[in-house]
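Structure record follows, encoded as structure tokens.
Atoms considered below: every heavy atom in the structure, side chains included; atoms not considered: hydrogens, waters and symmetry mates. Each chain gets a letter, A, B and so on, in the order the sequences are listed, and its residues count up from 1. Remember, it's a predicted structure, so these values are computed and weren't measured experimentally.
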Protein chains: 2
Amino acid sequence: MSCQEEFLAKLRERGFRLTPQREAVLTVLHDLEDHATAEEIQTCALQLNATVDIATVYRTLELLQAFGLLVMIDLGDGLRRYELTSVHGTHHHLRCRRCGALIRVETEQIEPFLTALEQELGFRAEAEHLLISGLCQACQALENCAPQPPGDDA
Amino acid sequence: MSCQEEFLAKLRERGFRLTPQREAVLTVLHDLEDHATAEEIQTCALQLNATVDIATVYRTLELLQAFGLLVMIDLGDGLRRYELTSVHGTHHHLRCRRCGALIRVETEQIEPFLTALEQELGFRAEAEHLLISGLCQACQALENCAPQPPGDDA
DNA sequence: ATGGGTGCAAAATGTTTGCACCTTT
DNA sequence: AAAGGTGCAAACATTTTGCACCCAT
């Protein structure tokens, strides 16, 4: 069952309505290469000739999350990003603390770890999204560069 | 070297100044059992007879982060929480998607995974903080309860 | 004495909510 | 027709920034 169909089914199942706005948000989430913010979703919807209010975007995202079709991820910049769980394959990110690089990691590389977690702690981890902080290869050598006070631009 | 000493050293090293406010924020971060929001830090500082403006709290947190002494974590509720990397032992969290329970996981349980990551991808993961979403043992059985539309309170 | 740091207040962001009107069912 | 959903605008919450004054060095 495709994501659209699943959404539709869950909506009907529960008595929610299908509206053009909800369709638009879902379509945009499908088309996007990567996770998107609420504002990006609204902008993309416009390009599809669909107008959706930002409040409606948030309300739809909330609904999709409640249905388990969407996950919210935080890359640490204060913006919430959203991504359909079933599209583009679930994946994870390594973020370099120094240069900010975002490295994509596929689920398979992390699966053994999640399995161990379930066996040891009884916690069924969902391979939704992990953000792991650290230093990328290039930045490991530059680690000792600390921030300078203002005006100390020697 | 204690965290305070390390902070002091890094400040001096770079020409930054040591102020009562910065000391207060650092002390509060030490005393706190768990991660805290900027507002909680400010409130705690007051109880220590130290007055710190919220803007100063943010500026100090930024500095501590730049020095690598502090990490910001996001539990998904839109609030940023901060925690000293060297206190209370670094740890991680499993968060139940359903009941919201926060389960603490010690670093040792995750270490093998981080080591593998470095060997395979050359990415030196810092065991700062991981937030892993999923279902706790109790909620796994209740998984099929989906949200209801308004007014459908049967 | 210098100039980095602080407090205060305003601004900027991002998200949520109330309400009248519109649309799906 | 009925009830849920949307748009608009105001309300909120959090974080950032400008600026005059203060204080650590």
| request: Over all heavy atoms of both residues, which pair between A:Phe16 and A:Arg22 is shortest? Give the atoms and the distance, please. | output: CB-NH1, 4.0 Å
Every protein N/O lying under 3.5 Å from an N/O of nucleotides 13-15 of chain C:
from, atom 1, to, atom 2, distance (Å)
C:dT15, OP2, A:Tyr58, OH, 2.1
C:dT15, O5', A:Tyr58, OH, 3.0

| query | Going by heavy atoms in the side chains, are B:Val71 and B:Gln65 under 4.5 Å from each other? | reply | no
| Given atom CG of B:Leu63 and atom P of C:dG4, what is their separation to the nearest angstrom? | 14 Å
| query | So, for A:Lys10 and A:Phe67, which heavy atoms are closest and what is the spacing to 0.1 Å? | reply | NZ-O, 3.3 Å
| request: Could you say whether B:Ala55 or A:Arg22 is positioned toward the 5' end of DNA chain D, judged by the nucleotide with the nearest heavy atom to each? | output: A:Arg22
| note | Residue set satisfying salt bridge (charged side-chain N to carboxylate O under 4.0 Å, His left out) with B:Arg81, at least two apart, ordered chain then number -> B:Asp77
| note | Residues passing the salt bridge (charged side-chain N to carboxylate O under 4.0 Å, His left out) test with A:Arg59, sequence neighbours excluded, are none
| remark: Heavy-atom closest pair (B:Leu29 atom, B:Tyr82 atom, distance to 0.1 Å) is CD2-O, 4.1 Å
| said: Whole angstroms only, please: what is the CZ-C1' distance between B:Arg81 and D:dA13? | reply: 14 Å
| said: Any non-hydrogen side-chain atom of A:Leu69 less than 4.5 Å from a side-chain atom of A:Glu6? | reply: yes
| said: For a quick check, tell me whether the side chain of A:Arg59 and the base of D:dG7 share a donor-acceptor pair closer than 3.5 Å. | reply: yes
| task | Using five pairs at either end of the helix from C:dA1-D:dT25 to C:dT25-D:dA1, determine the angle between the two local helix axes and round it to 10 degrees. | result | 40°
| query | B:Leu61 has an atom CG; how far is it from atom C1' of D:dT14, in whole Å? | reply | 13 Å
Report, one line per pair, each donor and acceptor closer than 3.5 Å where one atom sits in a side chain of residues 37-45 of chain A; sequence neighbours left out.
from, atom 1, to, atom 2, distance (Å)
A:Thr37, OG1, A:Glu40, N, 3.2
A:Glu40, OE1, A:Thr37, N, 2.9
A:Gln42, NE2, A:Val52, O, 3.0
A:Thr43, OG1, A:Glu39, O, 3.0

| note | Value for CD (B:Glu13) from CZ (B:Phe7), rounded to nearest 0.5 Å, stands at 12.5 Å
| Min side-chain heavy-atom separation B:Leu84-B:Leu26 under 4.5 Å | yes
| Can you tell which of B:Leu48, B:Val57, B:Leu46 makes a side-chain contact (heavy atoms from CB on, under 4.5 Å) with B:Val28? | B:Leu48
What protein N or O atoms touch nucleotides 22-25 of chain D N or O atoms at under 3.5 angstrom, if any, and at what distances?
from, atom 1, to, atom 2, distance (Å)
D:dA24, O3', B:Leu18, O, 3.2
D:dT25, OP1, B:Leu18, N, 3.4

| request: Grab the CG-C1' distance between A:Asp53 and C:dT17 for me, whole Å please. | output: 12 Å
